[in-house]
Visitor: 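My questions all concern the structure below.
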Amino acid sequence: MSEDGVPKDGVPKDGVPKDGLPDRALPPRPRPDLNESQKRAVIHRDGPILVIAGPGSGKTRVMTHRIAHLIETGVPAHQILAITFTNKAAGEMLRRTLLHIGIDPDLEEGRYGSHAGMWGEMDQARPVISTFHSFCARFLRREIYRLEPYALDYTIYDTVDQREVVGDVLGQLSLDRTSFPPRAALSSISRWKNKMVSPAEAAADAHTFHDRETARIFGAYQAELEARNAVDFDDLLLLTVRLLRECPDVLERARRRHGYLLIDEFQDTNRPQYLIARLLAEEHQNLCITGDPDQSIYSWRGASAENFLRFREEFPGHAVVHLSQNYRSTPQIISVASRLTGGEFGERALFTENPDGENVLVRQVSDERAEAREIVSQIAAWRHDGTEPNEIAILYRLNSLSRAIEEEFVRQRVPYAVIGGTAFYQRREVKDVLAYLRAAHFVRDDLALRRIINTPARGVGKVSLERFEDAARDRGITLGEAIRDAELRATVRGKAKKGLEELAATLAALEEGRTRPLPDQIADATERSGYRAHLRQSEAETADERLRNIEELATAAAETEEILKFAPPPTEGEPSREPLLVFLERVALVADADFHTGREDRVSMMTLHAAKGLEFDRVVIPGVEETLIPHSRRDEPEDTDEERRLLFVGITRARQTAVLLHAAWRRRYQGPEPRIPSSFFDEIVGDGITFEPLADTFGDGPGRIRGNTVYDGADPFPAEAYEEDDELITGAWIEHDLLGRGVITATSGLGNSKRISVQFVEHGSKQLVASYAPLRIIAPPDDVLFGE
DNA sequence: CATCACCCAATTTTT
DNA sequence: TTGGGTGATG
């Protein structure tokens, strides 16, 4: 391998395949706004190159300049394939690239967002920029028929769909869902798929009964998907690998088509993704990968930073560029965050020349409500200093942590946007309506049909459905084919038969309308099926919201159609542009992060995972506690390392300020639970960080912080002997010297560390340490309670 | 066959 | 606290 950034042979070979396409070469511009390392990465034209880029080191900038440079030096734009981690990143990258090469993206076609990948496919003048999954989906849309038994109009099953398939399969195999929870089975299946293990191999490898059965589930699950002409997220990647491996002509074409590859966030690629990159690039060698091992946070999804090592072995002679200068954050943030990560690949120490800022702040609060209040007042202070809401982000480990904060935001009227969580397209009503369209247009998509066969209720109960399914199975046809056959519909009787007839008519009508505008199709599906009426009467309270969501769906569909309308004329061999297919594909592949527009006047809330690649002036990370970060389900040493990197990612999202919060108590499902500050605090004590004592609630002693701290050391949770006090129980009335009377609403812990929650008549709800608080019992439970 | 009431279990991160 | 699953009733 050569020294930093300089190709071994020094002279770029001509890597531009000759295919007679128009040459859009422009004179390469000087790039004064890049530093030396960045420039090296940008002008390295042919051959493999590895860019190790720390947070805030201008990686996206390098990528976009690099793409522009390739185009300027004669590479036809459409030959450039850039893979990003989210659709939104793809859209952003496309936008910025177009700006570099002098095209105004807004003028050209307005919005792209999650359609970016599609655009590249459709327009020769644009680079293809998309996620691996979108890229594969488009690719399969063109080629999947080469693999038995798939057809081009395959559907993509999301997590909810997958779970239902596993449910069916469990029935088929007569396994019970308590010993084989679908969730767990699916995670095994996904793990196998990511390791590219077939069901047969999984079975051969199984040593316990449980493993053997799970492998059987895997096999039946896969068979079921194939029967339904459906693929899951992992299949998108795996089938692409298979196609490239098994069909030399396809591989050949793909290699020629994608002559230059750039892959971002390489630390989070999994095995099949790596193989796709290798298959495409091993001949022309024009592969540029960028990433940061210190930001690898998706190993649980099969991603492996080992792909860096594999790349280094399998693409010998690659150039290496380190981007270590951070342009984003204050020295305080950089030095605190840097203590969390070793920095792989040796010398790479992140540094910044930015001016000093404030210290990273660690603050204890008494519980999740106090945490929420703290966040609100913090935001108020920042707003006062002129920070815009969209420059503030709340980043948490678990989606569930958003709830308390949201409640407080609502109370105090803080505008916010939660990214992720319960995804829009997973909502029941949205899935139901889409299922109507799927069932109407995809005869083999039995999952969709089953979903709506009795929704709204039309007399097709469990018994009738079973009988009908048996009849279909006997004939060896899918349920979708069966319902289109009058003879088969007659295998059930009475109300059920009538119901099936009705549904068949509805589906036929929808099928008929296949070419109508998507919003109309959606409206039809909602109306004709009786779904709207069903919502109105059986779910009156939520009906309005659900109908609004359906409208929202129609709007999204309209947008897809709109964009298709602006598309340049189709080129030969291009995947289908049928709006329904394109839309369903988009629905399946949008990521949570894609919804982050950043433009709205709102505080952003999202998981630490979803925050990857984003940046904000001010960042708050609540819940920095043991069992949360690091999460309790991850106690292997490698897992702890990943949790550490997760915190690293979180802190380095901040430009100016990072505030880490931890609560002494946190209410879980059943009641309050004492919390211990994250052990990661031990690792980040030192320069640039300030630990603040608890200041928000009466009655709580100072909290414990490990390592270097300003706390005075009193330990509110001593493990010493105690005497149980039987009187302080839920419902008992107490009188507090300062807070007056209140009733105990919850207790936890024992002895000296016993905590009680008290609803005071005049001071609201407080958490008290029973042994410290100046209080006495005035009445046992079930004496008069005060209102509410 | 549909509806309702009750009980229990679940909680990581996501394309 | 929620959602899903079960069982009794109409």
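Proteins come first, then strands; the chains are lettered A, B, ... in the order of their sequence lines, and each starts at number 1.
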Visitor: Counting the benzene-type ring for Trp, do F135(A) and H258(A) have ring centres under 6.0 Å apart?
Guide: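 Between H258(A) and F135(A), which both carry aromatic rings, the centre distance is below 6.0 Å.
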Visitor: Ion pair present between R451(A) and D161(A), side-chain N to carboxylate O less than 4.0 angstrom?
Guide: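 Not counted as a salt bridge, because no side-chain N and carboxylate O are separated by less than 4.0 Å.
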Visitor: With a centroid cutoff of 5.5 Å and a plane-angle limit of 30°, would you call H631(A) stacked on dT12(B)?
Guide: yes
Visitor: For I297(A) and dT14(B), give me the distance from atom CD1 to atom P, rounded to whole Å.
Guide: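 Going from CD1 in I297(A) over to P in dT14(B) covers 9 Å.
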Visitor: Between the base of dT13(B) and the ring of W300(A) - centre-to-centre under 5.5 Å, planes within under 30° - is that a stack?
Guide: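 By the stated criterion, W300(A) and dT13(B) stack.
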Visitor: Taking atom C1' of dT15(B) as reference, at what distance in whole Å does atom CD of Q273(A) sit?
Guide: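 Taking atom C1' of dT15(B) as the reference, CD of Q273(A) is at 8 Å.
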Visitor: Can you confirm if the NZ or CZ of R489(A) lies within 45° of the ring axis of F468(A) and under 6.0 Å from the centre of its six-membered ring?
Guide: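 Output no; distance or angle outside limits.
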Visitor: Suppose we call two aromatic rings close when their centres sit under 6.0 Å apart. Are F85(A) and Y298(A) close by that rule?
Guide: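 Yes: the rings meet the under 6.0 Å criterion.
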Visitor: Whether T607(A) contacts dT14(B) is assessed here as follows: a side-chain N or O lying under 4.0 Å from the phosphate OP1 or OP2. Is that the case?
Guide: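 T607(A) to dT14(B) OP1/OP2: side-chain N or O found under 4.0 Å.
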Visitor: Return no unless some side-chain N or O of N399(A) is found under 4.0 Å from OP1 or OP2 of dT12(B).
Guide: no
Visitor: Could you check whether F132(A) gets within reach of a base, just the sugar-phosphate, or nothing at all, counting any heavy atom under 4.0 Å?
Guide: nothing
Visitor: Using ring centroids (six-membered ring only for Trp), state whether W300(A) and H609(A) fall under 6.0 Å.
Guide: yes
Visitor: Taking atom C1' of dT1(C) as reference, at what distance in whole Å does atom CD of E368(A) sit?
Guide: 12 Å
Visitor: Which whole-number value in Å describes the distance from I156(A) CD1 to dT15(B) C1'?
Guide: 10 Å
Visitor: Is R645(A) paired with D294(A) through a side-chain N to carboxylate O contact shorter than 4.0 Å?
Guide: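 Salt bridge flag = no for R645(A) with D294(A).
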Visitor: Tell me whether the count of non-hydrogen atoms from other residues, nucleotides or ligands lying under 6.0 Å of CZ in R403(A) goes above 12.
Guide: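 No.
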Visitor: Return the nearest nucleotide to the side chain of R397(A); candidates are dT14(B), dT2(C), dT12(B).
Guide: dT12(B)
Visitor: CD of E265(A) versus P of dT15(B): gap in Å, rounded?
Guide: 13 Å
Visitor: Could you write out each protein N or O paired with an N or O of nucleotides 1-5 of chain B at a distance under 3.5 Å?
Guide:
from   : atom 1 : to      : atom 2 : distance (Å)
dC1(B) : OP1    : S464(A) : OG     : 2.3
dA2(B) : OP1    : G459(A) : N      : 3.1

Visitor: Output the rounded distance in Å from CZ (R586(A)) to C1' (dT15(B)).
Guide: 15 Å
Visitor: Could you tell me how far apart R666(A) (CZ) and dT11(B) (P) are, to the nearest whole angstrom?
Guide: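 Taking atom P of dT11(B) as the reference, CZ of R666(A) is at 19 Å.
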Visitor: Given atom CG of N87(A) and atom P of dT15(B), what is their separation to the nearest angstrom?
Guide: 9 Å
